[in-house]
K.L.:
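A single structure is presented below for examination.
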Amino acid sequence: MPADILVLTAHPHLEHSRVNRALMAAAAAVDRTEVRDLYALYPDYLIDVAAEQRALAQARLVVWQHPIQWYHMPPLMKLWVDEVLGFGWAYGHGGHALQGKDLWLVASTGGPESSYRPADYNRYHFDAFLPPYEQTAVLCGMRFLPPLVLHGAHRVTNAELDAHAAVLTDRLRTYPDWPEIEDLADCVACEVPDNARPSLALQEGA
């Protein structure tokens, strides 16, 4: 089966991460996946935008696999979003390259699930930190799938990690036949008006 799932792994210190190394290895063992370790590919933070866009174009499912750092993605993953998901390619006027694809967040947190509560130190349920991910997907015409999250990554047992990696493997092998997404509506891209980028509109009209 040709690779139709793109897994983008972003961990600044993967050699020290038992959890994310195990999840990346589990994803790489699935025949239909292409796994790209962004920190290994771009240690200088100079992203090959054309190469990343080619990889995205071939995928039906795009997976962002990373630890949650300061309630968001690691810095190289954010730079990847800034540079690769360009106006006129991923969104905006003429930007339909990702329309109809799925985006899936596979994340780990240092804090336990119980810390993501109003009465605990993270103050909010974990879902409160997801809107930027979901809106990024929607702006690009992608469907944002229910995330797979492993909380308390520093404390999980080997058995718990193995079970979590098995869920990841099963989801990748069986995509898109997941019970939890059967009733999800197809995503319709947010239409960005041409005058949202007036400087570009003026350049095109010149």
Side-chain angles (χ1 to χ4, degrees), residues 1-92 95-110 129-130 132-145 147-150 153-154 161 164-165 167-169 171-173 175:
M1 177 184 296
D4 62 347
I5 297 176
L6 176 64
V7 180
L8 298 165
T9 297
H11 194 300
H13 304 289
L14 189 62
E15 68 277 11
H16 300 308
S17 174
R18 178 174 61 107
V19 165
N20 281 273
R21 282 202 320 271
L23 296 180
M24 187 173 72
V30 178
D31 290 340
R32 64 189 300 196
T33 65
E34 176 188 354
V35 177
R36 296 176 69 81
D37 178 352
L38 295 183
Y39 277 91
L41 286 169
Y42 306 116
D44 52 8
Y45 280 57
L46 297 176
I47 295 173
D48 185 338
V49 172
E52 295 303 312
Q53 290 180 346
R54 285 194 298 270
L56 284 167
Q58 297 173 6
R60 293 174 59 201
L61 171 64
V62 179
V63 181
W64 288 351
Q65 184 225 317
H66 64 74
I68 298 297
Q69 298 188 329
W70 283 102
Y71 311 106
H72 203 25
M73 58 184 62
L76 183 55
M77 184 84 249
K78 179 58 170 65
L79 182 64
W80 182 97
V81 170
D82 290 344
E83 296 193 354
V84 176
L85 304 185
F87 183 84
W89 186 83
Y91 74 102
H96 306 299
L98 303 177
Q99 183 81 40
K101 299 180 186 291
D102 286 331
L103 178 64
W104 190 33
L105 175 64
V106 175
S108 59
T109 70
F129 302 104
L130 295 177
Y133 290 91
E134 182 178 9
Q135 178 57 23
T136 298
V138 171
L139 194 67
C140 297
M142 304 177 77
R143 187 171 60 164
F144 186 63
L145 304 185
L148 178 65
V149 182
L150 181 63
H154 304 302
L161 178 54
H164 191 78
V167 172
L168 172 62
T169 298
R171 290 295 185 268
L172 294 176
R173 285 179 175 159
Y175 169 84

K.L.:
Write down the atom of A3, the atom of E34, and the distance for their closest heavy-atom approach.
P.N.:
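Of all heavy-atom pairs spanning A3 and E34, the closest is CB-N, 4.1 Å.
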K.L.:
Once rounded to the nearest 0.5 Å, what's the spacing between atom CZ of R143 and atom NZ of K101?
P.N.:
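It comes to 13.0 Å.
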K.L.:
If every non-hydrogen atom of A29 is compared with every non-hydrogen atom of R173, which pair is closest and at what distance?
P.N.:
O-NH2, 4.4 Å
K.L.:
Applying side-chain contact (heavy atoms from CB on, under 4.5 Å) to V7 and V106, what does each step give before you reach the verdict?
P.N.:
CA-CA 9 Å; V7 180; V106 175; over 6 Å; no
K.L.:
Report yes if the side chains of L85 and L98 come closer than 4.5 Å at any heavy-atom pair, otherwise no.
P.N.:
yes
K.L.:
Once you round to the nearest 0.5 Å, how far does OH of Y42 lie from CD of E83?
P.N.:
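Here the rounded value is 10.0 Å.
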K.L.:
Measure the CH2-CG distance between W64 and L8 for me, rounded to the nearest 0.5 Å.
P.N.:
8.5 Å
K.L.:
Output all residues satisfying side chain to side chain contact (heavy atoms under 4.5 Å, CB included) with R60, sequence neighbours left out; order by chain, then residue number.
P.N.:
D4, R32, Y175, P176
K.L.:
Using 0.5 Å steps for rounding, measure from the CZ atom of F129 to the CD1 atom of I68.
P.N.:
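With rounding to 0.5 Å, CZ (F129) is 9.5 Å from CD1 (I68).
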K.L.:
Are any non-hydrogen side-chain atoms of L76 and I47 less than 4.5 angstrom apart?
P.N.:
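With C-beta onward as the side chain, the pair touches.
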K.L.:
Is any side-chain heavy atom of R54 closer than 4.5 Å to a side-chain heavy atom of E52?
P.N.:
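A side-chain contact is absent here, since even the closest heavy-atom pair is not under 4.5 Å.
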K.L.:
To the nearest 0.5 angstrom, please state how far the CE atom of M24 sits from the CG atom of L14.
P.N.:
4.5 Å
K.L.:
Which residue is it: Q65, R21, R36? I am looking for the one with a side-chain hydrogen bond (donor to acceptor under 3.5 Å, both in side chains) to T9.
P.N.:
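Option passing the side-chain hydrogen bond (donor to acceptor under 3.5 Å, both in side chains) with T9: Q65.
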K.L.:
Kindly give the heavy-atom pair with the smallest separation between L130 and P147, and that separation in Å.
P.N.:
CD1-CG, 3.8 Å
K.L.:
If every non-hydrogen atom of M77 is compared with every non-hydrogen atom of A10, which pair is closest and at what distance?
P.N.:
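The pair with the smallest heavy-atom distance is CB-CB, 3.9 Å.
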K.L.:
Shortest non-hydrogen contact from A40 to P43?
P.N.:
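What the structure gives for the nearest pair is O-CD, 3.5 Å.
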K.L.:
Between R18 and L161, is there a side-chain heavy-atom distance shorter than 4.5 Å?
P.N.:
yes
K.L.:
Any idea which heavy atoms bring L23 and A165 closest together, and the distance?
P.N.:
CD2-CA, 4.0 Å
K.L.:
Check whether any side-chain heavy atom of Y45 lies under 4.5 Å from a side-chain heavy atom of Y39, and answer yes or no.
P.N.:
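Yes, at least one pair of side-chain atoms sits under 4.5 Å.
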K.L.:
In terms of ring plane angle, is the pair H16 and H13 parallel, tilted or perpendicular, where the classes change at 30° and 60°?
P.N.:
tilted
K.L.:
Would you tell me whether N20 and S108 have side-chain atoms, one donor and one acceptor, within less than 3.5 Å of each other?
P.N.:
yes
K.L.:
Output side-chain donor-acceptor pairs under 3.5 Å for residues 132-139, partner residues at least two apart or in another chain, one line each.
P.N.:
residue: Y133; atom: OH; partner: H66; partner atom: NE2; Å: 3.2
residue: Y133; atom: OH; partner: M73; partner atom: N; Å: 3.3
residue: T136; atom: OG1; partner: P132; partner atom: O; Å: 2.7

K.L.:
What distance do L46 atom CG and L41 atom CG have between them, rounded to the nearest 0.5 Å?
P.N.:
12.5 Å
K.L.:
Who are the side chain to side chain contact (heavy atoms under 4.5 Å, CB included) partners of L172, not counting sequence neighbours?
P.N.:
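Residues passing side chain to side chain contact (heavy atoms under 4.5 Å, CB included) with L172: I5, A27, V30, T33, L61, V63, W104, L168.
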